[in-house]
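Single-structure report; data block below.
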Amino acid sequence: MTATYKTVLLYISIASVVVNAFDPITITVVAGAGAFLGRTIYNLFTESCDPNWVTFNATGLETDLSRKLFGQHIASHIILKAVTGFMNNNNPKKPLVLSLHGWTGTGKNFVSQLIAKNIYKEGMDSSFVHLFTSELHFPHQSEIETYKSQLQQWIKGNVTNCAHSMFIFDEMDKMHPGLIDSIKPYLDYYEKLDGVSYRKAIFIFLSNAGGESIIQTALDFWRAGRQRQEILLKDLEMSLSLSVFNNKQSGLWHTSLIDKNLVDFFVPFLPLEERHVVQCAMAEMAAKGLVPDQHVAEKVAGDLVYFPKPDRVFSVKGCKGIASNLDYYT
């Protein structure tokens, strides 16, 4: 018998005792108690913005990052420290704003899923996690003013419903410049705006913008014979933020979010080597319920395209497509 089921039976038993203990004169009090118990039982099974459904699991996030995210020592460290510090702060001064950058298939979407998994009981399926993709939700340049208004109302309404809401903006490099500035007030240091506090919300931007500067730094280290683990955030942060800010094809081009220092962390995702792709394939096999096979994983990784071409250092697609590739080999 599950803990939740036992709890429900306990509430029902208590309610039965309460009803039998009082005469009709106190029926209003009993009804009130019954309503309270009803709400409590309802909240056990229906997602609500309370600790039954929204609770940060710091150990779980640390474990997931160390065991499931490959080749990203910088990103793992930043994400763990940033999210843990924010979620353990009962009175943050502003929302947490993370901007994740790197080439395709390096783990940006995956990390946002891990964060959601370790905050919300329902993970990415939680009604408090909101995912926007530029091409789906904001496709037309001519409608940008409408999108701005809709986005503001959507964020305000959902944060009003749950202070610990999470908003993920994918494909920022495809977003129309200027659109994301419409949410600047919600990311700032205001205690409240129109009676709503946004300080406990999380905003995550995902983008390929800046990927070229990250790759160049990784290549420079490799050509100098230096280890990948030697690459530090300070080696990437300034060039990354400038690259993103000045990229006219990015939704963060000349954005006030960067200009006003409202992005808490620019998180670089390094290009993946063949050994990291092997790790991805092994993990995917385990996730599919298969016995991980090193030979199959190496075959999958070996058939991908790498660059620079003569040396095959980094995977062009990272770990993207590994799941479908495994279907062919297994």
Roughly how far, to the nearest 0.5 Å, is the [atom2] atom of [Y] from the [atom1] atom of [X]?
| X | Y | atom1 | atom2 | value |
| --- | --- | --- | --- | --- |
| I119 | S126 | CD1 | OG | 10.0 Å |
| Q113 | M124 | CD | CE | 5.5 Å |
| R199 | L96 | CZ | CG | 14.5 Å |

- Query: After noting the C-alpha distance and the side-chain angles of V83 and F56, does the key distance pass the side-chain contact (heavy atoms from CB on, under 4.5 Å) rule?
  - Reply: CA-CA 9 Å; V83 176; F56 178 53; 3.7 Å; yes
Checking the side chain of [X] only, and the main-chain atoms of [Y] only, is there a donor and an acceptor separated by less than 3.5 Å?
| X | Y | answer |
| --- | --- | --- |
| T160 | K156 | yes |
| E47 | S127 | yes |
| H77 | I74 | no |
| S239 | S213 | no |
| R312 | G302 | yes |
| H137 | T133 | yes |
| N89 | N91 | yes |
| K200 | P92 | no |

- Residue pair R226, D220: steps toward the salt bridge (Lys or Arg N to Asp or Glu O under 4.0 Å) verdict: CA-CA 9 Å; R226 300 178 65 181; D220 289 344; over 6 Å; no
[Y] side chain reached by [X] side chain, heavy atoms, under 4.5 Å:
| X | Y | value |
| --- | --- | --- |
| E191 | S197 | no |
| F128 | N158 | no |
| F221 | D235 | yes |
| V267 | S99 | no |
| N52 | K121 | no |
| L100 | F269 | yes |

Tell me the closest heavy-atom pair linking [X] and [Y], and the distance in Å.
| X | Y | result |
| --- | --- | --- |
| F86 | I202 | CE2-CG1, 3.7 Å |
| V244 | A209 | CG2-O, 3.8 Å |
| L80 | A58 | CD1-O, 4.2 Å |
| L252 | H101 | CD1-CE1, 4.0 Å |

[atom1] of [X]: more than 12 outside heavy atoms within 6.0 angstrom?
| X | atom1 | result |
| --- | --- | --- |
| Y189 | OH | no |
| H130 | NE2 | yes |
| K260 | NZ | no |
| E230 | CD | yes |
| N88 | CG | yes |

Does a donor on one side chain sit under 3.5 Å from an acceptor on the other, for [X] and [Y]?
| X | Y | result |
| --- | --- | --- |
| E212 | Q216 | no |
| S315 | E274 | no |
| S182 | Q152 | no |
| D181 | T255 | yes |

- Query: Does W222 sit in a hydrophobic cluster with other residues, and if so which ones, taking ILVMFWY side chains as linked at heavy-atom separations under 4.5 Å, directly or through other members?
  - Reply: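 Via sub-4.5 Å side-chain contacts, W222 links to W103, I215, L219, V305, F307, V313, F314, V316.
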- Message: Enumerate the side chain to side chain donor-acceptor pair (under 3.5 Å) contacts for residues 62-74, please, sequence neighbours excluded, ordered by first and then second residue.
- Response: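 Matches after skipping sequence neighbours: D64-K68, D64-K117, D64-N118, H73-Q229.
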- Query: Please, which pairs that meet salt bridge (charged side-chain N to carboxylate O under 4.0 Å, His left out) have at least one residue in residues 71-95, sequence neighbours excluded?
  - Reply: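 Those involving residues 71-95 are K94-D264.
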- Could you please spell out the steps behind the side-chain contact (heavy atoms from CB on, under 4.5 Å) verdict for L206 and D173? CA-CA 8 Å; L206 311 178; D173 47 302; over 6 Å; no
- Message: Consider side-chain contact (heavy atoms from CB on, under 4.5 Å). Of L179, I180, L131, I204, which one does F169 pass it with?
- Response: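 Result for side-chain contact (heavy atoms from CB on, under 4.5 Å) with F169: I180.
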- Can W53 and T46 be said to form a side-chain contact (heavy atoms from CB on, under 4.5 Å), step by step? CA-CA 9 Å; W53 297 91; T46 303; 5.6 Å; no
- Using the six-membered ring wherever Trp is involved, compare the ring planes of F132 and W154 and label them parallel, tilted or perpendicular (cut-offs 30° and 60°).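 Perpendicular: the ring planes of F132 and W154 meet at over 60°.
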- Query: Once the angle between the rings of F138 and Y147 is folded into 0 to 90°, is it parallel (under 30°), tilted (30 to 60°) or perpendicular (over 60°)?
  - Reply: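 Rings of F138 and Y147: perpendicular, as their planes differ by over 60°.
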